[in-house]
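Reading through the structure tokens given below for one structure.
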Amino acid sequence: MCGRFTLITDLQTIAEIFGVPATLEAQPRYNIAPSQEVVAILHEGQRQMAWLRWGLIPSWAREEAIGNRMINARAETLAEKPSFKRLLRSRRCLVVADGFYEWQQTNGSKKPMYITLRDGSPFAFAGLWDQWSAADGRLLRTCTIVTTEPNELLATIHNRMPVILPREDCERWLDPTVQEAEALLPLLRPYPAAEMQARPVSRLVNDPRNEGAALLA
DNA sequence: CCAGACGTTGTT
DNA sequence: GTCTGG
DNA sequence: CCAGACGTTGTT
DNA sequence: GTCTGG
């Protein structure tokens, strides 16, 4: 699955890579956790960068707390689940990252591993987003990250992995004229293991209050 | 028709 | 909002 | 994902 | 055990 990730690359570079205006600013982040704001790219009128809160609150939800659990969406059932079907058609997004953490369970203990592309370049998770109006009038934009079965590398660590979209697939995922599940679901596959790498990192990363480059030691 | 759920993960 | 179950 | 709380009453 | 918060 995916429950924690990094975005260290500056957003000017991110903007250039994904072909959008650099409208956001942020410090490097080494421990992005659910319920926090993440950098996303979506197509609303035009392609743009946006802050979205990680943890989907569907527009019909009564309680904000639902978002604490909806941090992932299974690719295998995306087109059937009431919560996601509508979003697959019209509310797709990219969630920008340059690495993510998975906890490997080995004889009773959990070891955090840090997974990146081999060349260290930033990448995009496939995501869905929605808007939710709170009773007090706040309008929240939230998102969820799509997961799938693991590739050969991730299978040694965990039984799920986030969907990473190759650059060319990002175009189709964001294209608002594409709405058929048949055209979208084939994009949601495990990223090639040969292009990824994983290494153990400090258990400091366990606590989402810990931040900074020391986590990667 | 209305009522009620709507999610993932991991663990048992 | 949309789907399932009764 | 992990960490940390998990309750009520009454009083301030 | 289960839920909430980050």
Side-chain angles (χ1 to χ4, degrees), chain A residues 1-7 26-27 29-39 51-93 95 97-116 125-134 138-150 154-164 179 181 188 190 198-212 214-216:
Chain A
M1 72 160 314
C2 181
R4 220 73 80 72
F5 63 91
T6 63
L7 182 55
Q27 291 300 114
R29 291 165 73 194
Y30 292 85
N31 204 358
I32 298 171
S35 81
Q36 297 178 358
E37 298 290 316
V38 301
V39 175
W51 289 110
L52 297 178
R53 190 165 112 171
W54 184 15
L56 189 85
I57 308 174
S59 57
W60 44 259
R62 290 176 178 242
E63 299 201 356
E64 191 170 342
I66 288 176
N68 293 332
R69 297 193 291 287
M70 309 266 281
I71 66 171
N72 294 125
R74 290 177 66 88
E76 296 90 333
T77 53
L78 214 53
E80 294 144 35
K81 299 288 184 182
S83 294
F84 302 136
K85 194 173 184 176
R86 170 181 57 101
L87 304 180
L88 178 64
R89 212 178 307 116
S90 60
R91 293 244 161 120
R92 300 182 300 276
C93 67
V95 176
D98 40 31
F100 62 98
Y101 302 101
E102 295 284 358
W103 279 259
Q104 182 178 43
Q105 183 124 35
T106 39
N107 34 3
S109 70
K110 282 188 160 189
K111 185 167 63 171
M113 304 286 287
Y114 184 54
I115 299 104
T116 61
F125 294 127
L128 300 173
W129 69 282
D130 206 353
Q131 294 195 75
W132 181 78
S133 298
R138 284 173 304 138
L139 186 65
L140 270 65
R141 302 172 113 199
T142 63
C143 66
T144 188
I145 293 173
V146 180
T147 64
T148 186
E149 61 186 15
L154 269 293
T156 66
I157 301 170
H158 198 56
N159 62 346
R160 302 289 294 169
M161 73 176 285
V163 171
I164 295 171
Q179 298 184 356
L188 305 177
R199 64 181 177 84
V201 288
S202 167
R203 283 180 202 283
L204 287 173
V205 77
N206 285 10
D207 193 326
R209 290 170 299 194
N210 290 334
E211 299 171 13
L215 300 183
L216 299 185

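A, B, ... follow the sequence lines: proteins, then strands. Residue 1 opens every chain. All of these numbers come straight from a predicted model, not from anything done at the bench.
- Taking only side-chain nitrogens and oxygens, Arg53(A) never comes nearer than 4.0 Å to OP1 or OP2 of dG6(E).
- Put simply, Asn68(A) has a side-chain N or O that comes within less than 4.0 Å of OP1 or OP2 on dG5(E).
- The residue Glu80(A) sits apart from the nucleic acid: no heavy atom pair falls under 4.0 Å.
- Closest approach to the Arg4(A) side chain among dG4(D), dT9(B), dG6(E) is made by dG6(E) (side chain taken as heavy atoms from C-beta onward).
- Contact record, Asn31(A) with Pro208(A): ND2-CA, 3.7 Å, taken as the closest heavy-atom pair.
- Rounded to a whole angstrom, the distance from the P atom of dT9(D) to that of dC2(B) is 38 Å.
- Dashed line: the shortest gap from a side-chain N or O of Arg74(A) to OP1 or OP2 of dT9(B) is under 4.0 Å.
- Across Arg141(A), Arg53(A), Arg86(A), a single residue satisfies salt bridge (charged side-chain N to carboxylate O under 4.0 Å, His left out) together with Asp130(A), and that is Arg86(A).
- When rounded to the nearest whole Å, the span between CH2 of Trp103(A) and C1' of dC1(D) equals 5 Å.
- Between the CG atom of Leu56(A) and the C1' atom of dC1(D) there is a distance of 17 Å, rounded to whole Å.
- An aromatic stacking contact links Trp60(A) with the base of dC6(B), defined here by ring centres under 5.5 Å apart and ring planes under 30° from parallel.
- At a threshold of 4.0 angstrom between heavy atoms, the contacts of Ser59(A) with the nucleic acid are absent.
- Regarding Phe5(A), its CZ atom lies at a distance of 13 Å from the C1' atom of dG6(E), rounded to whole Å.
- Nucleic acid contact class of Ala61(A) (heavy atoms, under 4.0 Å, all strands): none.
- Under 4.0 angstrom from either OP1 or OP2 of dT9(B) there lies at least one side-chain N or O belonging to Thr147(A).
- Residues Met70(A) and Pro58(A) share a closest heavy-atom pair of CE-CG, 3.9 Å.
- Closest non-hydrogen pair, Leu215(A) versus Val205(A), comes out as CD2-N, 3.9 Å.
- Among the protein residues, Thr77(A) comes within range of the sugar-phosphate backbone only, with heavy atoms under 4.0 Å from sugar or phosphate atoms but none that close to a base.
- The shortest heavy-atom contact between Leu56(A) and Ser83(A) is CD2-O, 4.5 Å.
- Looking at the side chain of Lys85(A), the nearest of the listed nucleotides dC3(C), dT4(E), dG6(E) is dC3(C).
- Set against dG6(E), dA3(D), dT8(B), the side chain of Pro34(A) has dG6(E) as its closest nucleotide.
- To the nearest whole angstrom, the two C1' atoms, one in dG4(D) and one in dC6(B), are 28 Å apart.
- Between Asn72(A) atom CG and dC1(D) atom P there is a gap of 8 Å when expressed in whole angstrom units.
- Relative to the side chain of Lys81(A), the nucleotides dG1(C), dC1(D), dT8(B) differ in distance, and dT8(B) lies closest.
- Aromatic pair Trp54(A)/Phe5(A): centroids less than 6.0 angstrom apart.
- Taking atom C1' in both dT4(E) and dG7(D), the straight-line distance is 16 Å, to the nearest Å.
- Base pairing of dC2(B): its partner is dG5(C), meeting the Watson-Crick or G-U wobble criterion (both donor-acceptor distances under 3.5 Å).
- Comparing atom distances between the Pro82(A) side chain and each of dC3(C), dG5(E), dT8(B) picks out dC3(C) as nearest.
- Whole-Å rounding puts the Leu215(A) CG to dC1(D) P distance at 18 Å.
- With respect to the salt-bridge test (charged N to carboxylate O, under 4.0 angstrom), the residues Arg29(A) and Glu37(A) do not qualify.
- Atom CD of Gln36(A) is separated from atom C1' of dG6(E) by 6 Å (rounded to the nearest Å).
- As rounded to whole Å, 15 Å separates atom P of dT8(B) from atom CD of Glu149(A).
- Within the 4.0 angstrom heavy-atom criterion, no nucleotide atom of any strand lies near Ile66(A).
- Among the nucleotides dA3(D), dT9(B), dC2(D), the one closest to any side-chain atom of Arg160(A) is dT9(B).
- On the C1' atoms, dT2(E) is 14 Å away from dT12(B), given to the nearest whole Å.
- Distance, Gln105(A) CD to dT12(B) C1': 13 Å, rounded to whole Å.
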